Amino acid sequence: MRISERIQRVPPSGIRKFFELAEERDDVISLGVGEPDFSAPWAARDAAISSLERGKTSYTANRGMRALREEIARHCKARYDLDYSADEEIIVTTGVSEGIDVALRALVNPGDRIAMVDPSYVSYRPGVLLADGEPLPVRTREEEEFRLTREALARAGASEADLLILCYPNNPTGAVMREEDLEPVAEFCREHDLQVLSDEIYADLTYSGEHTSIATLDGMCDRTIVFNGFSKAYAMTGLRLGYALGPLEGIAAMNRIHQYSMLSAPTTAQHAATEALRSCEDDVEEMVGAFNRRRRFVLSRFEEMGLDCFEAKGAFYVFPEVPGDDEAFAEGLLEEQGVAVVPGSVFGEAGEGHLRVSYASGLPRLKEAMNRIEAFVR
Ligand code: PLP
């Protein structure tokens with residue numbers, strides 16, 4: 001079969017390759033996956049069940065159910081001070097994954113340079129390639145707690161870029177950006193006329209202060225599309241639901257693709273998500289508390305082992321430094337001790353020499369996994 005040249009530029013996922021290795025054994029503890037070990041809150045599940053019982057199995061409006069968009073508008077205003085109209089500035093997507101893909105296809109012209117934080121989530125680069133853009137990694141450094149700085153943007157040549165993809169709290173490092181860290185980045189974007197795609201899917205999972213969205217800074221709202229969703233904070237990965245907030249013309253352009261490629265996001269999931277926003281704040285708080293306890297445990301264990309580990313303050317990952325080649329280390333750890341983690345280099349060159357360790361597993365499993373990692377390190 002003849003395959004497009006565009007597809008041939010997209011490498012297979014480095015994470016998948018690793019999981020296939022892990023699946024060959026049944027004694028493996030996986031700290032590799034990026035999803036909560038919890039189930040979605042009961043109220044959200046009940047809403048999904050009830051919607052099916054009531055026969056709500058049709059398409060919804062392309063942009064998503066009005067009731068859900070209203071809840072999203074209310075939630076984002078109350079929680080992040082993001083002010084968007086449910087009518088024209090919000091679109092409900094099949095996960096943040098679809099939102100980012102559609103935004104890239106809607107905003108990128110062939111050859112456009114798309115700056116992105118390095119290391120960051122594995123889908124951005126392929127998404128840019130599929131939109132015929134040119135990825136431009138912007139290295140962040142452990143010494144700067146993996147925050148994006150003006151200097152890093154300038155060093156990478158991002159003044160020539162058309163778009164910047166931000167991911168804070170960050171996957172894979174767990175880094176967060178406070179308002180004072182975002183200001184110089186926003187200034188750079190205004191000076192060089194960069195638009196921003198800000199993936200804030202981990203916004204609720206922060207452990208030292210509240211999340212700030214770059215879209216709330218001066219002059220940024222008109223040049224930013226914010227992404228968030230239900231996969232992480234509401235433990236709803238399998239329901240596939242996310243949303244994007246942005247200027248009317250950006251959201252309309254995204255909808256132009258979404259209405260043909262997806263029609264509408266899954267209806268049952270939209271009912272669950274509406275209820276999640278209405279009544280599940282306590283459940284989220286409880287999960288965040290559990291993640292925080294696990295985060296502290298994992299950080300303290302790495303310290304005891306003598307592996308340098310920057311203090312991740314968001315998401316559910318830590319990013320310890322390991323001696324030598326990270327891929328060889330992760331393969332050895334899997335082979336000898338049956339613990340699966342993801343080599344940092346999968347997330348970009350700046351991730352080399354690190355591992356992404358997810359603490360979205362219960363404490364007993366984490367304890368056993370950390371003992372095994374310690375045995376391997378020794
Ligand atoms: N963005 C980031 C930073 C992620 O880590 C993930 C999943 O791991 C996604 C987006 C995908 O989210 P969704 O399940 O909403 O498609």
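It should be emphasised that the depicted structure is a prediction, and the values quoted were computed from it without experimental measurement. Note that ligands are numbered from 1 as they come in the structure, with each ligand's atoms numbered from 1 the same way.
- We find that D204 and K232 are not joined by a salt bridge, their nearest charged nitrogen and carboxylate oxygen being 4.0 Å or further apart.
- Contacts with ligand 1 closer than 4.0 Å are made by side-chain heavy atoms of S231 only, the backbone lying farther away.
- A centroid separation of 6.0 Å or more is found between the aromatic rings of H211 and Y168.
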Run the numbers on N170 and R147 for side-chain hydrogen bond (donor to acceptor under 3.5 Å, both in side chains), then give the verdict.
CA-CA 9 Å; N170 182 268; R147 294 186 183 122; over 6 Å; no

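- Taking a 6.0 Å sphere around CD of E191, one finds it holds more than 12 heavy atoms contributed by other residues, nucleotides or ligands.
- Between F227 and ligand 1 there is no heavy-atom distance shorter than 4.0 Å.
- Only side-chain heavy atoms of K232 come within less than 4.0 Å of ligand 1; its backbone N, CA, C and O stay farther off.
- Geometrically, ligand 1 and N171 share a nitrogen or oxygen pair separated by less than 3.5 Å.
- Neither the backbone nor the side chain of F230 has a heavy atom within less than 4.0 Å of ligand 1.
- A distance of 6.0 Å or more separates the ring centres of F347 and Y317.
- Nearest residue to atom 2 (C) of ligand 1 from N170, D199, N228, T93 is D199 (criterion: closest heavy atom).
- The closest approach between G95 and ligand 1 falls below 4.0 Å for a heavy atom of the residue.
- Residue contacts with ligand 1, taken as heavy atom pairs separated by less than 4.0 Å, involve C167 solely via side-chain atoms from C-beta onward.
- Here the protein heavy atom with the shortest distance to atom 6 (C) of ligand 1 is Y121 CZ, 3.4 Å.
- Environment of CG in D218: sparse, with no more than 12 heavy atoms of neighbouring residues, nucleotides or ligands closer than 6.0 Å.
- Looking only at side-chain heavy atoms (C-beta outward), L307 and E321 stay at 4.5 Å or farther from each other.
- Taking the charged nitrogens against the carboxylate oxygens, D37 and R294 do have a contact shorter than 4.0 Å, which makes a salt bridge.
- Under 4.0 Å from ligand 1, heavy atoms of V96 appear from its side chain as well as its backbone.
- For the ligand labelled ligand 1, residue I201 lies inside the 4.0 Å heavy-atom shell.
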For L107 and I225, what are the C-alpha separation, side-chain angles and deciding distance, and is it a side chain to side chain contact (heavy atoms under 4.5 Å, CB included)?
CA-CA 11 Å; L107 303 186; I225 295 183; 4.1 Å; yes

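- At a 3.5 angstrom cut-off on N or O pairs, R240 counts as close to ligand 1.
- A distance-only check finds a donor-acceptor pair linking the side chain of Q8 to the backbone of I3 [under 3.5 Å].
- Proximity of E35 to ligand 1, defined as any heavy-atom pair under 4.0 Å, is not found for any part of the residue.
- Of the protein's non-hydrogen atoms, the one nearest atom 16 (O) of ligand 1 is S97 OG, 2.5 Å.
- For the pair Y317 and ligand 1, the shortest N or O to N or O distance does not fall below 3.5 Å.
- At a heavy-atom distance under 4.0 Å, only side-chain atoms of Y124, from C-beta outward, approach ligand 1.
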